[in-house]
Trainee: 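Okay, handing you the structure first.
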Protein chains: 2
Amino acid sequence: MAENKKLTLKDIARALNISVSTASRALKAHPDISDETIRTVKEYAEKHNYVPNALAINFRKSRTFTIGLIVPELVHHFFSTVISGAIDAAKKMGYSVLVSQSNDVLQDEITACRTMLASSVDGLLISISNETVEGNHILEFIHEGKPVIQFDKITDQLQTPKVIVDDFEGAYQAVKHLIETGYDKIAHLRGRREVKNAMERALGYEKALKDFHKEFHEDWVKECKLINEQEGYDFAKALMESQNPPNAIFCITDLVALGAINYLKEAGIKIPQEVGIMGFSNWKLAEIVNPSLSSVDQHGYQIGEKAAEMLIEKIQNQDVSSHETVELKTNLVLRESTNLSQK
Amino acid sequence: MAENKKLTLKDIARALNISVSTASRALKAHPDISDETIRTVKEYAEKHNYVPNALAINFRKSRTFTIGLIVPELVHHFFSTVISGAIDAAKKMGYSVLVSQSNDVLQDEITACRTMLASSVDGLLISISNETVEGNHILEFIHEGKPVIQFDKITDQLQTPKVIVDDFEGAYQAVKHLIETGYDKIAHLRGRREVKNAMERALGYEKALKDFHKEFHEDWVKECKLINEQEGYDFAKALMESQNPPNAIFCITDLVALGAINYLKEAGIKIPQEVGIMGFSNWKLAEIVNPSLSSVDQHGYQIGEKAAEMLIEKIQNQDVSSHETVELKTNLVLRESTNLSQK
DNA sequence: CTGTTAGCGCGTTCAT
DNA sequence: ATGAACGCGCTAACAG
């Protein structure tokens, strides 16, 4: 079956009647070694299909060329896109990626961190769970000299480099576009105040209204707790049935927007003529839903790429103390749920 | 900064004035060691937060408690669901998961395999790319005594255990349901003949028609090459504009079904009254699309779980030669795109 | 240019 | 019940 017995340096050395260290150096073309020896050793290694024992190397150098990646949810368009970008970038730099999920449960996140630490990843990429506040489990990496980079869902409590999307600007542009295409009564289905991304989007929304001198009402801002379709539906209903219904709704997320769309369709309210709907995240569903949904694209793939690149750089420079923040720009993807042209 | 200097057995031994081997044995409560020593050592280890060096252990035992997982595409509802299941199951059994994607490109798959082999995973979970035929790169794992399990997209060319969904039965049930709810002219947008899953679904479709004595026409079976929305749209159009249009379409995948739905809506053909649409895979979009799509659920999470469990079992039993196939049942999820009740 | 030696942290004989 | 010694495979400091 398994013709294991992997060839080791020792075998090569014995076969060629040289010392193990010479063999080792020859294989990496060390300048001290004569060209001839190098050739001989390399030929022999090639011929007998020598594969260095990665475990021994890892042990010796105490690093694994593996990075950890923890997200709240794996089955999620945005996060799987980020993962995809991170894996591709890591691969290019010779690293593998250990993936885990926290299910937005702090305890699971802690466990995942421990496991990653135990499997000796060289660094960590993490988007924290909703429950995470202090993050000692994450600091442990830093203590062990392993860089950590936060992305998307971050906390400023932890001094690490961060890769995020400019939520404020994304929201601002989205609302600005709504205004420019003729909507003047714009509501916002926001997320919880404790979540940074949600806060930023809400601030961008407010700023745009202010800059363009549009109405702002507390009543037009509804706080979603679960960020799901049902909430979108319910709040859209509440808004439209209120005294002073808006003519556009800017939603914290596409899923919430979907719920809003469903309500509007059910109520026979025309999209985008009577009410415009703007989502955020540009998930697959934005293309699929009917009418298709205008949304703010977050470039998940690039976030993953950038974060992985930064992390690996830090690893290679043994830099565990810097904490710059990279903010990637979003861009607006216009579809049928909002007016297209200027009014 | 980094107060590294991790505690080693040697440190403990020196501190407690015992030998390294005693310390080692005490920590795992070896029967030879006196209870008192055990207690002392454990206490000391606890107090000073001793963490065994995983790298050293891996090296010594030449295994890593890590499994590899390669899928064609990461940003894909079904595969991310499988990954989720695999990671959760692996975690329960004390394993981590290294994830990679092939993009359905053979060369990428080969690279991914090499990387995984180099990072010394203990076993491999793989859903092969469309381009994969022989799979020597996968056999290498077996040669090294590392079990491999194929799932979903598999090839019988490789003698490994497999975890798949019963595509034949799933398709059969789906078509049977269409028949039982009144459709008698059922078309099928199938996948390529070279792809096993596609073949099974097509066979299930044919068998159901035969068993219930329904019309079968070559013209009603269209082969999708790309399995995308556009093909669904185009083929649905072709079918409906033909001499003998069907009154139901069974689609190889939800995405194709989406295209078909879009065409029918555009053409003003009523779903499900005039034409019923059945998808396959039960992706997120099936719930979201309008009308929502009846589909065959593949239980991706369970596939991932089962595959990971089996793999880890094989690893633990050093079983690299068995090749049983586990076939999980699908189940039909009925929504608005098909008739509900018996006619 | 090449070989010798030592050691990474741990587990495992083999002694005692 | 405990310790000494060895080795996993590889690298690197130190000789020559």
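Only heavy atoms go into these numbers, but all of them, side chains included; no hydrogens, no water, no symmetry mates. Naming convention: chains lettered A, B, ... in sequence-line order (proteins, then strands); numbering from 1 in each chain. This structure is a prediction, so every number in the text was calculated from the model and none was measured.
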Trainee: Please determine whether a side-chain nitrogen or oxygen atom of S19(A) lies at a distance below 4.0 Å from atom OP1 or OP2 of dG3(C).
Mentor: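 Checking S19(A) against dG3(C): at least one side-chain N or O falls below 4.0 Å of OP1 or OP2.
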Trainee: Are the side chain of S24(A) and the backbone of V20(A) linked by a donor-acceptor contact shorter than 3.5 Å?
Mentor: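 No: the side chain of S24(A) does not pair with the backbone of V20(A).
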Trainee: Name all pairs fulfilling the side chain to side chain donor-acceptor pair (under 3.5 Å) condition that reach into residues 37-58 of chain A, sequence neighbours left out, sorted by first residue then second.
Mentor: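 Sorted result for residues 37-58 of chain A: S34(A)-T37(A).
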Trainee: Tell me, which of residues 49-63 of chain A have any heavy atom that sits under 4.0 Å from an atom in DNA chain C?
Mentor: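 The stretch gives F59(A), R60(A) as the residues lying under 4.0 Å from the strand, ordered by number.
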Trainee: Is there a side chain to side chain donor-acceptor pair (under 3.5 Å) between T111(B) and D108(B)? Walk through the geometry before answering.
Mentor: CA-CA 5 Å; T111(B) 310; D108(B) 286 14; 5.2 Å; no
Trainee: For Q101(A) and D88(B), test the side chains for any donor-to-acceptor distance below 3.5 angstrom and give the result as yes or no.
Mentor: yes
Trainee: I need the NE2-P distance between H30(A) and dA12(D), as an integer number of Å.
Mentor: 9 Å
Trainee: Once you round it to whole Å, what is the distance between C1' of dC10(C) and NZ of K10(B)?
Mentor: 11 Å
Trainee: Considering residues at least two apart in sequence or located in another chain, which fulfil the salt bridge (charged side-chain N to carboxylate O under 4.0 Å, His left out) criterion with K92(B)?
Mentor: none
Trainee: dC8(D) phosphate, OP1 or OP2: any side-chain N/O from T8(A) under 4.0 angstrom?
Mentor: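 Negative; the distance criterion is not met.
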Trainee: Across the strands shown, which category fits V20(A) at heavy-atom distances under 4.0 angstrom: base, sugar-phosphate, nothing?
Mentor: base
Trainee: Are any protein N/O atoms closer than 3.5 Å to N/O atoms in nucleotides 13-16 of chain C? If there are, list each pair with its distance.
Mentor:
| from | atom 1 | to | atom 2 | distance (Å) |
| --- | --- | --- | --- | --- |
| dT13(C) | O4 | R25(B) | NH1 | 3.4 |

Trainee: Report for the helix from dC1(C)-dG16(D) to dT16(C)-dA1(D): angle between first-end and last-end helix axes, five pairs each, rounded to 10 degrees.
Mentor: 50°
Trainee: Could you check whether the rings of F59(A) and F59(B) sit parallel, tilted or perpendicular, using 30° and 60° as the cut-offs?
Mentor: parallel
Trainee: Determine which pairs satisfy salt bridge (charged side-chain N to carboxylate O under 4.0 Å, His left out) with at least one residue from residues 118-140 of chain A, sequence neighbours left out, and list them in order.
Mentor: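 Qualifying pairs: R114(A)-E140(A).
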